[in-house]
Amino acid sequence: MTLRYAVIADIVGSRTLTNRAEAQRVFRAALERAAEGLALLEAPYPTVGDEFQAVAYSLEDALLLTLRAQLLLPPQLQLRFGIGAGRIEEFPSGAQRPGAMRPSPGEGAPLQDGSAWWAARSAINRAHDVQDSSNPFIRTWFQAHASVESYVSASYQTCVNALLSLRDHAILKLSARHRRITASLLLGKTQVEIARAEKISQQAISDFARGTGVGLIQSSLLIAEAARA
């Protein structure tokens, strides 16, 4: 079976935004940059109801997309993510199918449905519930559809979500500058380039990369390793 990884993102606290047009611009720019160099079947695109969607070929890239996006956004603008593993079915543009029609990402692009999207919807609802009930720092949840659990076990999903909860907690503890620095490191920027952009010394970047930032960067590598297992 060919697994795909659907990603649904929604805006945390969307009703409190004072400048929605500017916020949407920032979200779209962050997601576009977060997608750089990743193997995506569909790059992130906005839909209705303050949502964005994407499809990755691998869980590793889906997880990296969500990590980069969180780090690239300023602290006052946040996204919540649901990642779903399953199948993706495509329909010709304009085809009739059961359920709500989702906007296509481009003119004439095929419409999509399938168990990966159902799992992603369930995952983002789960993230919202956990955030509201017990862990306000939760921003990301992963779930495989029941039809593919022979490929993605429940214990595997638990492991990934445990690592994601630690990752989300670490991100919310970072300052805006440290988020930008970590994002730049994950995007392959050199310490000299980052120091120039942030107008601080290269030594300060090096100290951060070896200290506060090393845990988050290392956790992203651990999660990627788990995703490849």
Side-chain angles (χ1 to χ4, degrees), residues 5 7-14 16-17 23 26-38 44 50-52 54 56 59-83 120 123-143 157-189 191 194 197-198 200 204-227:
Y5 299 86
V7 180
I8 298 176
D10 67 7
I11 299 172
V12 176
S14 62
T16 65
L17 297 176
V26 173
F27 284 124
R28 294 183 70 167
L31 287 165
E32 181 177 342
R33 190 176 176 204
E36 291 178 5
L38 300 182
D50 294 328
E51 281 194 357
F52 301 86
L59 178 57
E60 181 181 0
D61 281 343
L63 294 171
L64 189 52
L65 173 69
T66 62
L67 172 59
R68 288 176 174 181
Q70 285 178 278
L71 291 168
L72 288 165
L73 288 169
Q76 68 272 21
L77 294 177
Q78 298 179 25
L79 290 171
R80 181 188 301 108
F81 297 94
I83 303 171
I124 200 169
N125 289 340
R126 175 63 173 163
H128 202 166
D129 290 343
V130 173
Q131 179 188 339
D132 288 346
S133 63
S134 57
N135 295 312
F137 56 84
I138 290 293
R139 293 293 180 272
T140 320
W141 202 265
F142 168 61
Q143 185 170 322
Q157 295 173 61
T158 298
C159 175
V160 171
N161 283 316
L163 290 168
L164 286 173
S165 69
L166 296 174
R167 189 185 84 174
D168 288 347
H169 187 264
I171 291 171
L172 288 183
K173 293 292 186 180
L174 293 178
S175 67
R177 168 171 279 176
H178 285 164
R179 289 187 187 201
R180 293 194 303 270
I181 292 172
T182 306
S184 295
L185 289 169
L186 288 170
L187 284 163
K189 300 293 184 182
Q191 292 186 6
I194 299 169
E198 293 293 332
I200 58 178
I205 302 296
S206 178
D207 291 344
F208 172 76
R210 292 198 308 267
T212 306
V214 71
L216 182 55
I217 294 170
Q218 187 63 35
S219 73
S220 72
L221 298 176
L222 289 171
I223 296 173
E225 184 178 343

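The shown structure was predicted, so the numbers you read here are calculated from the model rather than taken from an experiment.
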Report all side-chain donor-acceptor pairs from residues 27-34 shorter than 3.5 Å, counting only partners two or more places apart or in another chain.
none

Next item on the list: Report the C-alpha separation of Arg139 and Gln78 in whole Å, then their side-chain angles, then the decisive distance to 0.1 Å, and conclude whether the side-chain hydrogen bond (donor to acceptor under 3.5 Å, both in side chains) test is met.
Entry: CA-CA 8 Å; Arg139 293 293 180 272; Gln78 298 179 25; 2.6 Å; yes
Checklist line | Nearest heavy atoms of Gln191 and Ser206, plus distance in Å | finding: OE1-CB, 3.3 Å
Note to self: Applying side chain to side chain donor-acceptor pair (under 3.5 Å), can you list everything that pairs with Arg179, at least two apart in sequence or on another chain?
What the structure shows: none
Checklist line | For the student: nearest non-hydrogen atoms of Ser165 and Phe137, plus distance | finding: O-CE1, 3.3 Å
Notebook entry, point to check: Under 4.5 Å between any side-chain heavy atoms of Thr66 and Val7, yes or no?
Noted result: yes
Check: Looking at Gly82 and Ala123, what are the two nearest heavy atoms and their distance?
Finding: CA-CB, 3.8 Å
Next item on the list: List in chain and number order the residues that pass side-chain contact (heavy atoms from CB on, under 4.5 Å) with Ala204, two or more places apart in sequence or in another chain; answer none if no residue qualifies.
Entry: Ile200, Ser201
Check: side chain to side chain donor-acceptor pair (under 3.5 Å) with Thr182: which residues, sequence neighbours excluded?
Finding: none
Check: Looking at residues at least two apart in the chain, or sitting in another chain, which of them share a side chain to side chain donor-acceptor pair (under 3.5 Å) with Arg80?
Finding: Asp10, Gln131
Next item on the list: Provide the closest heavy-atom pair for Phe81 versus Ile124 in the form atom of the first, atom of the second, distance.
Entry: C-CG1, 4.0 Å
Check: Is any side-chain heavy atom of Arg180 less than 4.5 Å from a side-chain heavy atom of Ile194?
Finding: no
Note to self: Just to verify, what does Asp207 make a side chain to side chain donor-acceptor pair (under 3.5 Å) with, not counting sequence neighbours?
What the structure shows: Gln203, Arg210
